[in-house]
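Below: the structure, in structure tokens.
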Amino acid sequence: MKLNWNTKYTTIAAYCLIVIFISILFVVLIFKYEFFAAKLSWLMGVLAPIIIGLVVAYILNPLMMFFENKLFGKIRDQKVVLKDPKAENADKLIAKKTRFRKKLARALAIIVTYIVIFALLTALCVAVLPNVAQSIVDLTQQMPQYISNLEKYLQDLFKNNPSISMFVSEEFSELSNILMKVTEYIEPMATDIIGTVSSGLFGMIASVFVALKNVLVGFIIAIYLLIGKERLLAQARKTFFALFKNDNCQRALAVGAKTHNIFTTYINSNLLDAFIIFAAMMVGTTLMGIPYATLVSVVCGVTNLIPFFGPFIGAIPCAVLIILVDPIKVVWFALFVLVLQQLDGNLIKPLLFGESTGLPAIWVLVSILVCGGLFGMVGMLLGVPVFAVIYLLFAEFVSTKLKKKHLPTDTDKFHDISMYNKEYAEPEESAAE
């Protein structure tokens, strides 16, 4: 017996089943949140090397392509000439040698990229990290002396104003008492922590080795991804076109290309900008004799990765540190940071970023606040390109809807709403009148 399916009702039934399934899944997720969170954490641990590999490959791809095009482009693009062009398998031999040249150029580019990256990381670790670590150690040891010196400096500064001098003395006495209480509270805890660390030493070592293993495997996975990225992308497109309609595939690929362009430009430009700020801070603070110049430069360079709020997040604690050590030099530090940030915002960033995001300033601020609140530091770093993609998609959606209604897509046309009502009234409304 053959059943005659009604397409309309079958579609309605399928949508109902999907809605019911999603609702059940949502309810189960709420009441079994801890279970799903534990499983998600386990899954992320398993996928950690793959995620690291994808991130590393995505970041290193522009540098690899630069080396491949500039250094090994002749090897890749050189025309293959056979000794006997009329041989039976001439076409196959030419294709084989062409593929070999492309693979050789790609392999050499990957090797050079990894050498450059590891050399930069090694130089950074050797030149910067020891100084930063020593600065932190010295800072913790000298902190009580710095507070005492600052108190004496402020008292001398306001000695002609007894009320302010007394206020400063009382506040610093309170600060000293707080530091003493914190020290007394931490001392017994330190003993317990040392004992806990000693007993859990093997666990800590195991965790460190797992993290190093994930990073190492991630870098290895990145090599395979960089070698076969064209084929992997072609396979993904092939699968996509097999499963979905051509129009949807074309639209998704166009969105993917724009998203890739936004993220690539933003990440690379942001990293380069942070390095420029770090180098400029290092040179400037060293020449001015700013205390803890390396630590201050690292903090300002890293926090500069965060748009809008980054310079303030880095400069304020550094200024507080400088005040404790040498109050006079904080003025020079503040002026230097102000000038550097003006140069960065008006000259360096426009040259590096260009129109990479196309996101208005208000949405940059919103993206940092929202994504930072939801996802912490990662959200603050990547919130801007994510919002830029959402903004782009929504703008295209609005433009498509306006075109269907035969309305202008230029925002300036909508400033004067009275002109819009007269000039662009829909035909249906005119006919009804």
Side-chain angles (χ1 to χ4, degrees), residues 49-81 94-129 212 214-237 253 256-280 282 298 301-302 304-305 344 348-357 381-382 385:
I50 299 175
I51 296 173
I52 293 173
L54 288 170
V55 173
V56 171
Y58 192 78
I59 293 175
L60 296 186
N61 179 61
L63 183 61
M64 181 202 70
M65 292 306 301
F66 173 80
F67 288 132
E68 182 176 333
N69 293 328
K70 299 298 182 180
L71 298 182
F72 309 108
K74 292 183 179 180
I75 297 176
R76 180 193 60 192
D77 301 330
Q78 186 178 359
K79 186 177 180 180
V80 177
V81 179
I94 292 175
K96 183 178 179 180
K97 289 188 176 183
T98 302
R99 287 195 299 269
F100 173 77
R101 289 179 180 275
K102 290 181 178 179
K103 289 181 179 180
L104 178 62
R106 177 62 54 83
L108 293 173
I110 293 174
I111 291 172
V112 173
T113 300
Y114 268 67
I115 290 174
V116 170
I117 292 299
F118 281 114
L120 289 175
L121 291 176
T122 302
L124 186 65
C125 292
V126 172
V128 176
L129 288 185
L212 291 176
N214 289 338
V215 172
L216 179 61
V217 175
F219 271 89
I220 295 173
I221 292 174
I223 294 175
Y224 285 97
L225 291 174
L226 291 172
I227 289 175
K229 64 171 187 171
E230 288 84 3
R231 183 168 180 80
L232 291 172
L233 290 174
Q235 290 173 341
R237 295 190 193 101
L253 291 176
K258 292 178 180 178
T259 303
H260 168 71
N261 181 58
I262 290 174
F263 268 84
T264 301
T265 306
Y266 179 82
I267 292 173
N268 294 331
S269 300
N270 218 16
L271 290 174
L272 182 57
D273 181 59
F275 179 78
I276 292 173
I277 295 298
F278 163 73
M282 193 69 188
V298 170
V302 172
N304 200 73
L305 291 170
D344 183 48
I348 301 174
K349 271 188 169 65
L351 289 175
L352 293 178
F353 287 81
E355 298 294 331
S356 62
T357 60
L381 292 174
L382 298 179

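Just the heavy atoms: all of them, side chains too, but no hydrogens, waters or symmetry mates, feed the values below.
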Can you tell me how far [atom2] of [Y] sits from [atom1] of [X], rounded to the nearest 0.5 angstrom?
X	Y	atom1	atom2	answer
Thr265	Asn270	OG1	CG	11.5 Å
Leu212	Leu216	CG	CG	8.5 Å
Phe278	Asn304	CZ	CG	12.5 Å
Leu272	Asn268	CG	CG	8.5 Å
Leu305	Asp273	CG	CG	8.0 Å
Ile220	Tyr224	CD1	OH	7.5 Å

Which is it for Leu108 and Leu71 under the side-chain contact (heavy atoms from CB on, under 4.5 Å) test, yes or no, and what are the steps along the way?
CA-CA 9 Å; Leu108 293 173; Leu71 298 182; over 6 Å; no
Suppose we screen for side chain to side chain donor-acceptor pair (under 3.5 Å). Which residues come up paired with Asp344, at least two apart in sequence or across chains?
Lys349
Residues that Lys103 engages under side chain to side chain donor-acceptor pair (under 3.5 Å), provided they are two or more places apart
none
Taking ring pair (Phe, Tyr, Trp, His ring centres under 6.0 Å) as the definition, give me every residue that meets it alongside Phe263, ordered by chain and number, with sequence neighbours left out.
none
Run the side-chain contact (heavy atoms from CB on, under 4.5 Å) test against Arg231 and tell me which residues pass, sequence neighbours left out.
Gln235
Show the atom names and distances, to 0.1 Å, of all donor-acceptor pairs under 3.5 Å that link a side chain in residues 50-66 to residues at least two apart or in another chain.
residue	atom	partner	partner atom	Å
Tyr58	OH	His260	O	3.3
Tyr58	OH	His260	ND1	3.2
Tyr58	OH	Thr264	OG1	3.2
Asn61	OD1	Lys229	NZ	2.6

Correct closest heavy-atom pair for Gly301 and Ala274 would be O-CB, 3.4 Å
Locate the shortest heavy-atom distance separating Arg101 from Ile75; write the atom from each residue and the value.
CB-O, 3.3 Å
What I want to find out is whether Glu230 reaches Arg106 closely enough, with some N-O distance under 4.0 Å, to be called a salt bridge.
yes
Which pairs with one or both residues in residues 95-126 pass ring-ring contact (aromatic ring centres under 6.0 Å, His included), sequence neighbours excluded?
Tyr114-Phe118, Tyr114-Phe219, Phe118-Phe219
